[in-house]
Amino acid sequence: MTTLSDRPNTALLVIDVQIGIVAGTHQRDVVVANIGTLVDRAREEGVPIVWVQHSSEQVAKGSDAWQYVPELVRREAEPLVHKTFADSFEDTDLEEVLAGAGIGRLVVTGAQTDECIRSTIHGGFVRGYDVTLVGDAHTTEDQSPWGAPPPDKVIVHTNLYWRYHTAPGRTAAVVETKDVTFGG
């Protein structure tokens, strides 16, 4: 149960599923399709969707690489949070967006597993949110030339340790797309 007692609602967080970020990532098409399924389900159930969009030197704001993938289309009424750091909460208005909607539980999807996903799930958790990571709806690129494990191992390891993450008054969980419930 979230430590944010006045926030009973859940939101779907779609992090950095941008052309230049997910190009060449592990199982890109499967992950994007799973996120699309969750977006559709959230809309059907009236669950808020918060889109997060990263910009950096490599993914310049306004560039083709910066755009969301064409398979995922944000509706005008759905909040868009712009970020420049890995943690989606850092130096953004994400906390204000979530507080305004009474959100205390996050269902997290997107890219990249070993950077923005990990930073955001931890960032939300330490801020008092319950955080559910969708195990088959996040991805990363191959960083093994720089000493990281292959992407499939990074994803499996992230799912493994998040499943058992604990802290007082909050829950961490990992579920597959088919098992996501937005009700709690």
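If you're wondering where the values come from, they're calculated on a predicted model, not measured in any experiment.
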*Asks:* Going by the rule side chain to side chain donor-acceptor pair (under 3.5 Å), which residues pair with His122 if we only count those two or more places apart in sequence or in a different chain?
*Replies:* Tyr161
*Asks:* Excluding sequence neighbours, so at least two apart, what forms side chain to side chain donor-acceptor pair (under 3.5 Å) with Trp66?
*Replies:* none
*Asks:* Measure the CD-OG1 distance between Gln53 and Thr92 for me, rounded to the nearest 0.5 Å.
*Replies:* 13.0 Å
*Asks:* Just by modelled atom types, is the Cys116 backbone N or O under 3.5 Å from a matching donor or acceptor in the Ser119 side chain?
*Replies:* no
*Asks:* Heavy atoms only: give me the nearest Trp162-Ala173 pair and the separation to one decimal.
*Replies:* CD1-O, 3.3 Å
*Asks:* Among all residues two or more places apart in sequence or in another chain, which pass the side chain to side chain contact (heavy atoms under 4.5 Å, CB included) test with Ala137?
*Replies:* Asn34, Ile35, Leu38, Thr109, Val134, Thr177
*Asks:* Could you give the distance from CG (Leu4) to CG (Asn9), rounded to the nearest 0.5 Å?
*Replies:* 11.5 Å
*Asks:* Got a sec: does the CG of Asp64 have more than 12 other heavy atoms crowding it under 6.0 Å?
*Replies:* no
*Asks:* Given Leu98 and Leu106, is the side chain to side chain contact (heavy atoms under 4.5 Å, CB included) satisfied, shown in steps?
*Replies:* CA-CA 9 Å; Leu98 297 173; Leu106 306 174; 3.8 Å; yes
*Asks:* In this structure, would Val52 and Tyr129 fall into the same cluster of hydrophobic residues linked by side-chain contacts under 4.5 Å?
*Replies:* yes
*Asks:* Count I, L, V, M, F, W, Y as connected when their side-chain heavy atoms are under 4.5 Å apart, and connections chain through other members. Are Leu94 and Phe85 then in the same cluster?
*Replies:* no
*Asks:* Please assess His82 against Lys61 for the test side chain to side chain contact (heavy atoms under 4.5 Å, CB included), listing each intermediate value before the final yes or no.
*Replies:* CA-CA 9 Å; His82 294 281; Lys61 193 171 188 175; 4.0 Å; yes
*Asks:* Is any side-chain heavy atom of Phe182 less than 4.5 Å from a side-chain heavy atom of Arg41?
*Replies:* yes
*Asks:* Grouping I, L, V, M, F, W and Y whenever their side-chain heavy atoms are under 4.5 Å apart, do Ile103 and Val131 come out in a common cluster?
*Replies:* yes
*Asks:* Would Arg118 and Thr158 count as a side-chain hydrogen bond (donor to acceptor under 3.5 Å, both in side chains) here? Give the steps.
*Replies:* CA-CA 8 Å; Arg118 284 186 185 175; Thr158 301; 2.8 Å; yes
*Asks:* Show the nearest heavy-atom pair for residues Phe125 and Ala167, with the distance to one decimal.
*Replies:* CE2-CB, 3.3 Å
*Asks:* How would you list, by chain and number, every residue that makes a salt bridge (charged side-chain N to carboxylate O under 4.0 Å, His left out) with Arg74, sequence neighbours excluded?
*Replies:* none
*Asks:* Taking Ser63 for the side chain and Val59 for the main chain, is one N or O donor matched with an acceptor at less than 3.5 Å?
*Replies:* no
*Asks:* Could you give the distance from CD1 (Ile117) to OG1 (Thr139), rounded to the nearest 0.5 Å?
*Replies:* 9.5 Å
*Asks:* Does Arg127 have any side chain to side chain donor-acceptor pair (under 3.5 Å) partners at least two apart in sequence or in another chain, and if so, which?
*Replies:* Asp87
*Asks:* Among residues two or more places apart or on two chains, list those pairs meeting ring pair (Phe, Tyr, Trp, His ring centres under 6.0 Å) that have a residue in residues 14-42.
*Replies:* none
*Asks:* Hey, are the side chains of Gln143 and Asp114 touching, using non-hydrogen atoms and a 4.5 Å cut-off?
*Replies:* yes
*Asks:* Would you give the length of the straight line joining atom CZ of Arg163 to atom CG of Leu133, rounded to the nearest 0.5 angstrom?
*Replies:* 9.0 Å
*Asks:* Kindly compute the distance separating CD (Gln18) from OG (Ser55), expressed to the nearest 0.5 Å.
*Replies:* 8.0 Å
*Asks:* So do the side chains of Leu12 and Val14 get within less than 4.5 Å of each other, counting heavy atoms only?
*Replies:* yes
*Asks:* If you round to the nearest 0.5 Å, how far is CD1 of Ile21 from CD of Gln67?
*Replies:* 11.5 Å
*Asks:* Applying side chain to side chain donor-acceptor pair (under 3.5 Å), name anything that partners Glu78, two or more places apart in sequence or on another chain.
*Replies:* Arg43, Trp51
*Asks:* Running the 4.5 Å side-chain criterion over Ile, Leu, Val, Met, Phe, Trp and Tyr, what cluster does Tyr164 land in, apart from itself?
*Replies:* Leu160
*Asks:* Please enumerate all residues that pass salt bridge (charged side-chain N to carboxylate O under 4.0 Å, His left out) together with Glu95, with sequence neighbours excluded.
*Replies:* Arg7
*Asks:* How about Asn159 and His138: do any of their side-chain heavy atoms sit closer than 4.5 Å?
*Replies:* yes
*Asks:* Kindly state each residue pair satisfying salt bridge (charged side-chain N to carboxylate O under 4.0 Å, His left out) with at least one member in residues 134-155, sequence neighbours excluded.
*Replies:* none
*Asks:* Listing request: all salt bridge (charged side-chain N to carboxylate O under 4.0 Å, His left out) pairs with a residue in residues 15-29, at least two apart in sequence or in separate chains.
*Replies:* Asp16-Lys83, Arg28-Glu71
*Asks:* Group every Ile, Leu, Val, Met, Phe, Trp and Tyr by side-chain heavy-atom contacts under 4.5 Å, then state whether Ile15 and Ile155 land in the same group.
*Replies:* no
*Asks:* List the residues meeting side chain to side chain contact (heavy atoms under 4.5 Å, CB included) with Val175, not counting sequence neighbours, and say none if there are none.
*Replies:* Thr132, Asp179, Val180
*Asks:* Leu80 and Val32: same hydrophobic cluster, using ILVMFWY side-chain contacts below 4.5 Å?
*Replies:* yes
*Asks:* Judged by modelled atom types alone, do Ser88 and Thr120 share a side-chain donor-acceptor pair under 3.5 Å?
*Replies:* yes
*Asks:* Ile49 and side chain to side chain contact (heavy atoms under 4.5 Å, CB included): which single residue from Val107, Val39, Leu72 fits?
*Replies:* Val39
